[in-house]
K.L.:
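The following block contains the structure, expressed as structure tokens.
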Protein chains: 2
Amino acid sequence: MGSTTTASSATARRSATAAVVPVECTVTPLLDVAFSRWTTPVLWTLNEFGRQRFVELERRLGGITPKVLTQRLRQLERDGLVIRTYHPEVPPRVEYEISELGRTLGPLFATMAAWAQEHIGEVEAARVVYDEDGRPGP
Amino acid sequence: MGSTTTASSATARRSATAAVVPVECTVTPLLDVAFSRWTTPVLWTLNEFGRQRFVELERRLGGITPKVLTQRLRQLERDGLVIRTYHPEVPPRVEYEISELGRTLGPLFATMAAWAQEHIGEVEAARVVYDEDGRPGP
DNA sequence: CAGTATCCAGATTGATACTG
DNA sequence: CAGTATCAATCTGGATACTG
């Protein structure tokens, strides 16, 4: 994408009242379903470790409460990203696995993890500089 | 990270007390810097429309308040993803642009937007099914 | 224009129980 | 085990008004 500096209309004003109109971010829909508060770690864990039970998820996610885990799981199930399987036994057993749709996010996770590994150092360095020198202009 | 399904100890229990240990999600660091609440739309807009002033961002983002926009901008600037340029004129003029580091997120945005465009319909369909039939197991 | 200062409403989380 | 139910503590985020 990215025709930088779109030519817009022929006689478009340059800077004054340059017809700046609201545009919707095209990635937002994905953010809502897969990158909200706890959804990413849940999906990521499911994608990495395969089918697992409620407690396994709870432990691996480290620090999530059952209430919140249930909420996220329900949302992901409703959105078709996660499949819940109930086994009527005693004690009850429920397994969660990522759906085929959810699995299509795998490459994205990989790319994101790679970005983090490669660039997070730069981010931290930038913070140090910013906190030392402060912002230049008023 | 990395070694999926670590063999752990030789005589590792299989399912009973299968040494389920907390693992940290490798994409979380990126989420914190670029995919928090308003950060993505801001970065995306900057990436799509190039260098622009505060009000332009404010208008294009549609509905964000100056306070919140300032907060996100400051965070992004601190993290080295956005560059702020102050022009000492009257009236004051400040321009924001995405940094080179921030620009490395471009392909990621493109991939995410593509995913949304391709699969969001399946998500919505899954919701309809779920809301009609409800979840199968108790 | 480019913010900053307040105050407030709503959403998310966390900690703690308590069932089937 | 696999949740659900509550209540309290946060934490953004929104609306509004006000400077340099």
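First the proteins, then the strands, lettered A, B, ... as listed; each starts at 1. If you're wondering where the values come from, they're calculated on a predicted model, not measured in any experiment.
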K.L.:
Report the distance from atom CD of Glu58(A) to atom P of dG3(D), rounded to the nearest whole Å.
P.N.:
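Distance, rounded to whole Å: 10 Å.
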K.L.:
Transitively linked via ILVMFWY side-chain contacts under 4.5 Å: Val82(B) with Tyr86(B)?
P.N.:
yes
K.L.:
With a 4.0 Å limit, can you tell me whether Trp38(B) has a side-chain N or O closer than that to the phosphate oxygens OP1/OP2 of dG14(D)?
P.N.:
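For Trp38(B), the contact criterion (side-chain N or O under 4.0 Å from OP1 or OP2 of dG14(D)) is met.
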K.L.:
Within this structure, what is the CG-to-C1' distance between Leu69(A) and dT12(C), rounded to whole angstrom?
P.N.:
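The distance from CG of Leu69(A) to C1' of dT12(C) comes to 15 Å, rounded to the nearest Å.
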K.L.:
Provide, to the nearest angstrom, the distance between the CD atom belonging to Glu95(A) and the C1' atom belonging to dG3(D).
P.N.:
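Result: 16 Å.
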K.L.:
What pair of heavy atoms forms the shortest contact from Leu61(A) to Leu69(A), and how long is it?
P.N.:
CD1-CD1, 3.8 Å
K.L.:
The side chain of Arg72(B) lies closest to which of these nucleotides: dA2(C), dG20(C), dG13(D)?
P.N.:
dG13(D)
K.L.:
Could you check which of dC7(C), dG3(C), dG3(D) has an atom nearest any side-chain atom of Tyr96(B)?
P.N.:
dG3(C)
K.L.:
Ignoring hydrogens and angles, are the base of dG3(D) and the side chain of Lys67(A) linked by a donor-acceptor pair under 3.5 Å?
P.N.:
no
K.L.:
Can you tell me the distance, in whole Å, between the CZ atom of Arg84(B) and the C1' atom of dA2(C)?
P.N.:
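Value for this atom pair: 8 Å.
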K.L.:
For the side chain of Val55(A), counting heavy atoms from C-beta on, which of dT4(C), dA2(D), dG20(D) is nearest?
P.N.:
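Shortest atom-to-atom distance from the side chain points to dA2(D).
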K.L.:
Would you indicate which nucleotide in dT6(C), dC1(D), dT4(D) comes nearest to any side-chain atom of Pro66(A)?
P.N.:
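So the nucleotide nearest the side chain must be dT4(D).
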K.L.:
As a test of reading the structure: which of dA2(C), dT4(C), dG14(D) is closest to the side chain of Arg74(B), going by heavy atoms?
P.N.:
dT4(C)
K.L.:
Counting only side-chain nitrogens and oxygens, does Arg53(A) get under 4.0 Å of the OP1 or OP2 atom of dA2(D)?
P.N.:
yes
K.L.:
Between dG14(C), dG3(D), dG13(D), which nucleotide has the shortest distance from any of its atoms to the side chain of Val68(A)?
P.N.:
dG14(C)
K.L.:
Without decimals, in angstroms, what is the distance between Phe54(A) CZ and dG20(C) P?
P.N.:
18 Å
K.L.:
How close or far is atom P of dA5(C) from atom CD of Gln71(B), stated in whole angstroms?
P.N.:
11 Å
K.L.:
If we call it a pair only when both distances are under 3.5 Å in a Watson-Crick or G-U wobble match, what pairs with dG20(D)?
P.N.:
dC1(C)
K.L.:
Is the NZ or CZ atom of Arg60(A) both under 6.0 Å from the centre of the six-membered ring of Phe49(A) and within 45° of that ring's axis?
P.N.:
yes
K.L.:
Salt-bridged, Glu77(B) to Arg74(B), with N to O below 4.0 Å?
P.N.:
yes
